[in-house]
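Order of listing sets the numbers, starting from 1, for every ligand and every atom in it.
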Amino acid sequence: QLAERHARKRSALIPILQTVQRDYGEVSQFAMQHIADVLGLHAADVYSVATFYQFINTAPKGKFIIRLSRDMSSMMKGAKTVARQLENDLGIKFGQTTPDGMFTLEWTSCIGMNYQAPAMLINNEVFSNLTPQRAHLIIEDCLQGFRAHRPTLGKIGETYSSALTYSSHEADAGLRNALAMSPAEVAGEVGAAGIRGRGGAGFPTGTKWKLAAEAKGEFKYIVCNADEGEPGTFKDRIILSRYADLVFEGMTIAAYAVGAREGLIYLRAEYTFLRPQLEAALEARRQNGLLGNAILGREGFDFDIRLHMGAGAYVCGEETALIESLEGRRGHPRNRPPYPIDVGLNGMPTVVNNVETLASVSCILGRGAAWFSSIGTERSKGFKLFSVSGDCTRPGVYEFPWGITVEQLLETVGGGNAKAVQVGGYSGQLIPASQFDRRLAYEDLGIGGSVIVYGQDRDMLDVAENYFEFFVDESCGQCTPCRDGNVKLLEGIRALRQGKCTSRYLNELISLCETIQVASKCGLGQLSPNILIAINRHFRDEILARPVVGQH
Ligand code: SF4
């Protein structure tokens, strides 16, 4: 059915792989050959895609797949002791499956639960605020049937640390106002608001829409990037949990502005538990004339939204890799130009916007560009959500106007005694305490939304090791400097940690960092060395003060 719905195109490949896995527990070689035959692909091609994604099983795994998050917040809050408990209870190591086929234990990258760390997924269920005792109870519960006696400890639980502007948005006021304007006026209003993409890159949204409206193509697409994989980021999950209609409204406004008829939400695999409520919300919008043909009675304005599940690959948060994935390929970033607004999904003009951007656009059209642009700073307009975790007493999602200082943020979240703060996720910047007067704004620190607080006792080489384990795992492998260079940096950091540390060796690692930055194709490789460069700049004395255990 999926193959037919996709006209036997390879865009059906990942949904088919996911369906086979759901029904049979794994995608066997026999299944891959059959899928290849149905889609007219080579079996090796199917294998290559299936093995790229972490959440597609090409070998048998347990009935319960336990994925413990190893993001830095989880590690700081005791993920290793939880890991030991799980290993003891199950009698296996990470990467193994119990002989009875019941449990598989795996580490995974960030699952977007950093403010309630440590956290893990069991199949698609999230368990947070874990302790060894809770982990033990959850395993017992699984053994007793899971469904019959669901765990009540450590579930997601939504806590908010500040009131969000979204909660005061009048339902679909933005869409109604947009339809009272011409499409060009809508793009102009978004441009006048001055909003820049909230995913991290900060490209002006109004400009993107204007260019997409002018681009030539038989079809145009609106893609919502809900692949929130940057470690330490969970704000988009909060928006999708509570304010999904704002995102759908924003996509519909974007479709009107650029002339698109089809929208897709690329939802990360770790958020599969959100799927039923998002599907229900989409269906309710269709029933209410907010999606489908002649939206709100406007003849000729037809637009619908489909949900596409990611399959576990951080690099797919990069917009061209995301498009490759939507087309049924490995998530390999493309060369740019051409940009997606000219040549995107299926070769057609495509607007890719982040969840928060789309939700904010609904508010802009609802209240007007002047209201939005009156908030923030000269080059950073509006309000912004920050996901805060780590060594602070009040982790959570906070809304601030652009322009507050790191120090002001830390006071609000109870992180006053911090040694350093990582802003913008692992690819972002490490800010030492001496620079806490810096401002969160594009004039200074323009970030996607992740803030991880490091207390006075944190060893910054621990932090760097965790980051490079992540980058090594998540590199797509296309370019050698990123694929092999990050492995070398990880080895180097481990050598430093073991005391094989000299000034000369540290300088060599920094030189390698610079090579990786200039020779890598996408943001992952260009930004992964940031952490080591920052530690060398701000904490070099601390590293070199470690006792040297032999020459390296
Ligand atoms: Fe892939 Fe890394 Fe190259 Fe990006 S920089 S394309 S993640 S190998």
Side-chain angles (χ1 to χ4, degrees), residues 14 45 47-56 70-71 107-110 197 199-203 223 225-233 266 268-270 310-340 343-345 350 352 354 422 424-429 448 450 464-493 509-534:
I14 293 174
D45 202 355
Y47 180 83
S48 153
V49 172
T51 52
F52 181 80
Y53 295 95
Q54 194 203 346
F55 280 55
I56 291 178
R70 66 171 173 199
D71 62 281
W107 287 106
T108 194
S109 303
C110 179
F203 190 81
V223 173
N225 185 346
D227 195 43
E228 181 179 50
E230 191 63 53
T233 315
Y266 189 99
R268 68 186 304 226
E270 290 82 349
Y314 162 77
V315 73
C316 289
E318 197 278 342
E319 63 179 5
T320 61
L322 185 153
I323 289 169
E324 287 284 301
S325 183
L326 283 174
E327 292 180 355
R329 298 187 171 82
R330 293 163 75 98
H332 283 179
R334 296 175 177 173
N335 289 324
R336 299 189 295 179
Y339 292 93
V343 183
L345 183 59
T350 301
V352 183
N354 163 264
Q422 180 76 26
Y426 285 14
S427 313
Q429 297 188 54
S450 162
E465 183 179 20
N466 179 273
Y467 286 23
F468 280 100
E469 285 171 349
F470 171 79
F471 290 125
V472 165
D473 273 359
E474 299 295 346
S475 168
C476 82
Q478 264 194 99
C479 17
T480 309
C482 172
R483 185 188 60 231
D484 295 346
N486 281 312
V487 172
K488 289 289 168 205
L489 290 180
L490 177 58
E491 288 171 2
I493 287 162
L509 291 178
I510 297 303
S511 170
L512 176 57
C513 285
E514 288 158 3
T515 303
I516 295 170
Q517 285 189 316
V518 296
S520 292
K521 181 172 165 183
C522 86
L524 191 153
Q526 291 159 5
L527 301 173
S528 61
N530 279 359
I531 184 66
L532 189 54
I533 291 172

| message | What protein N/O/S atoms are there under 2.8 Å from atom 4 (Fe) of ligand 1, waters excluded? | response |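 Within the sphere that stays under 2.8 Å of atom 4 (Fe) of ligand 1, the protein atoms of type N, O or S are Cys522 SG.
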| query | side chain to side chain donor-acceptor pair (under 3.5 Å) with Asn530: which of Gln422, Gln517, Gln429? | reply |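 Running side chain to side chain donor-acceptor pair (under 3.5 Å) over Gln422, Gln517, Gln429 with Asn530 returns exactly one hit, Gln517.
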State whether the side chain of [X] and the backbone N or O of [Y] hold a donor-acceptor pair below 3.5 Å, judged by distance alone.
X: Asp71; Y: Gly232; answer: no
X: Thr515; Y: Ser511; answer: yes
X: Ser450; Y: Pro231; answer: yes

| field | Considering all heavy atoms, the nearest Arg336-Thr320 contact | value |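 Distance-wise, the nearest heavy atoms are CD-CG2, 3.5 Å.
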| said: Tyr467: which residues meet the ring-ring contact (aromatic ring centres under 6.0 Å, His included) condition with it, sequence neighbours left out? | reply: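 ring-ring contact (aromatic ring centres under 6.0 Å, His included) check on Tyr467 returns Tyr426.
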